[in-house]
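Predicted, not measured: the structure shown is a model, and the values here were computed from it.
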Amino acid sequence: MNPLATIMLLTSLAAGTTITMSSYHWLLAWIGLEINTLALLPLMTKTPHPRAVEAATKYFLTQAAASALMLFSCLINASQTGEWDISTPSTMMTNPLSIALMMKLGLAPLHFWLPEVLQGISLPTGLILSTWQKIPPMILLFQISCNINLNLMVILSLTSILIGGWGGIGQTQLRKIMAFSSIGHMGWIILILKFNPQLSIFTFTLYIIMTTAMFLSLITLSSTKMSQVSTSWVKNPALTTTVMLILLSLAGLPPLTGFLPKLLIILELVKQNMIIFTTLAMLASLLSLFFYLRLTYIIILTLPPNTHNSLATWRIPTKPYLASSIINIMALILLPLAPTISFM
């Protein structure tokens with residue numbers, strides 16, 4: 001793709017996100033979401049492949065349906081209150097609006113498009129879809145969190161945690177695994193949204209850091225399948241070890257970064273006397289822990305086919321990327337650096 005076109009599309013993505021984040025009018029927020037969607041479509045189809053075109057088509061149809069439902073909810077709000085102000089949502093509009101935003105985020109049971117779309121696009125575009133594209137809908141959900149139906153939030157969040165683990169168990173494609181990982185993490189973020197929006201924002205930030213680190217590592221290793229990442233030890237042992245640790249961090253194992261948000265969410269839910277839902281969420285997350293550990297086992301504890309030392313590309317000095325290294329470090333060691341006050 002022409003570098004100028006790429007810069008224009010990335011600028012449009014940034015502009016759409018900024019418009020949605022800074023808007024006080026529902027129509028402006030909707031316009032920002034549409035700019036985001038339309039700017040990502042050419043990036044999806046920059047590789048002329050039928051899978052990429054299919055992924056872009058599925059993404060466009062899903063986002064268009066969610067946008068139509070969101071606009072319908074905004075019209076209901078305007079007819080009831082006479083205002084388009086985001087800070088004053090009516091009770092009738094919150095349920096359809098929440099469903100529309102969750103469809104854009106890929107939460108279960110509205111998740112069917114996300115694994116297929118992520119599988120059909122390249123890793124850099126998948127990174128944008130899994131991180132940047134989730135920011136505008138999440139910001140809108142944060143703004144209406146006080147008016148969201150609690151039962152709807154809890155049911156969809158527990159379903160997402162369950163589907164995120166269940167769907168990833170039988171996958172061998174890394175992009176589909178990351179898609180189901182995203183669904184599971186979004187479930188944890190939505191679960192605590194009604195009770196503690198600040199903790200939800202914190203969890204979402206750590207999700208973006210860990211997912212970015214994972215995608216950047218996969219891009220560096222040029223791995224999209226389990227079979228490719230299983231032989232990556234001879235290419236780059238240090239980065240392969242980092243990928244293993246990032247997977248354990250995504251699984252939420254201590255003392256890595258991913259353990260911090262789950263611990264704080266569990267403590268907050270117990271504080272709210274939601275013991276049963278906390279137990280269900282923890283049990284459902286064991287499914288995702290299984291495929292994270294299976295992938296870790298394949299990367300570290302299995303021997304690749306015999307490879308001559310002359311083919312080991314890690315012996316060739318390469319220039320390290322500072323941004324990637326910083327994100328990898330943040331994805332691993334933020335738990336010891338977290339302030340003690342966070343646990344109180």
With a 3.5 Å distance limit and no angle check, can you tell me whether [X] reaches the backbone of [Y] through a side-chain donor-acceptor pair?
X      : Y      : answer
Ser181 : Ile177 : no
Thr231 : Gln228 : yes
His111 : Ala179 : no
Ser288 : Gly164 : no
Lys134 : Leu105 : yes
Ser222 : Leu218 : no
Lys262 : Met282 : no
Thr257 : Met330 : yes
Ser67  : Ala64  : no
Ser73  : Leu97  : yes

Do [X] and [Y] come within less than 4.5 Å of each other through their side chains, counting heavy atoms only?
X      : Y      : answer
Met274 : Val154 : yes
Leu13  : Leu9   : no
Ser160 : Ile190 : no
Leu174 : Leu123 : no
Ile86  : Leu140 : yes
Ile276 : Thr279 : no
Ile219 : Pro124 : yes
Thr6   : Pro42  : no

Please give me the minimum heavy-atom distance between [X] and [Y], naming the atom from each residue.
X      : Y      : value
Gly184 : Ile161 : O-CG1, 3.8 Å
Met103 : Thr62  : SD-O, 3.7 Å
Ala29  : Thr20  : O-OG1, 3.4 Å
Ile208 : Thr212 : O-OG1, 2.6 Å
Pro261 : Leu206 : CD-CD1, 3.6 Å
Phe180 : Ile163 : CD2-O, 3.7 Å

> What pairs with Thr240 under side chain to side chain donor-acceptor pair (under 3.5 Å), at least two apart in sequence or on another chain?
Replying inline: Ser232

> Ser182 and Tyr207: side chain to side chain contact (heavy atoms under 4.5 Å, CB included), yes or no, with the steps?
Replying inline: CA-CA 8 Å; Ser182 173; Tyr207 157 77; 2.8 Å; yes

>> Using the rule given for side-chain hydrogen bond (donor to acceptor under 3.5 Å, both in side chains), can you reason through Asn149 versus Thr94, listing the C-alpha separation, both sets of side-chain angles and the distance that settles it, and then say yes or no?
In response: CA-CA 7 Å; Asn149 187 345; Thr94 50; over 6 Å; no

At what distance, to the nearest 0.5 angstrom, does [atom1] of [X] lie from [atom2] of [Y]?
X      : Y      : atom1 : atom2 : result
Met102 : Ile99  : CE    : CD1   : 8.0 Å
Leu118 : Met44  : CG    : CE    : 8.5 Å
Ile201 : Phe204 : CD1   : CZ    : 10.0 Å
Leu129 : Leu40  : CG    : CG    : 6.0 Å
Ser157 : Leu191 : OG    : CG    : 4.0 Å
Gln171 : Lys225 : CD    : NZ    : 14.0 Å

Path from [X] to [Y] over hydrophobic side-chain contacts below 4.5 Å:
X      : Y      : answer
Trp113 : Val53  : no
Leu61  : Leu114 : yes
Met153 : Ile155 : no
Ile275 : Phe277 : yes
Phe112 : Ile183 : no

> Step by step, would you call Leu295 with Val229 a side chain to side chain contact (heavy atoms under 4.5 Å, CB included)?
Replying inline: CA-CA 9 Å; Leu295 195 51; Val229 80; 4.2 Å; yes

Around atom [atom1] of [X], are there more than 12 heavy atoms from other residues, nucleotides or ligands closer than 6.0 Å?
X     : atom1 : answer
Trp84 : CH2   : yes
Phe60 : CZ    : no
Met21 : CE    : no

> Would Leu152 and Ile148 count as a side chain to side chain contact (heavy atoms under 4.5 Å, CB included) if you check the C-alpha gap in whole Å, the side-chain angles of each, and the deciding distance to 0.1 Å?
Replying inline: CA-CA 8 Å; Leu152 179 67; Ile148 290 179; 5.5 Å; no

>> If you apply the rule side-chain hydrogen bond (donor to acceptor under 3.5 Å, both in side chains), what do you find for Lys194 with Ser200, and how did you get there?
In response: CA-CA 9 Å; Lys194 180 78 172 176; Ser200 188; over 6 Å; no

> side-chain contact (heavy atoms from CB on, under 4.5 Å) with Pro137: which of Asn36, Leu33, Leu107?
Replying inline: Leu33

> Would Ile35 and Leu38 satisfy side chain to side chain contact (heavy atoms under 4.5 Å, CB included), going step by step from the backbone distance to the final call?
Replying inline: CA-CA 5 Å; Ile35 292 174; Leu38 296 177; over 6 Å; no

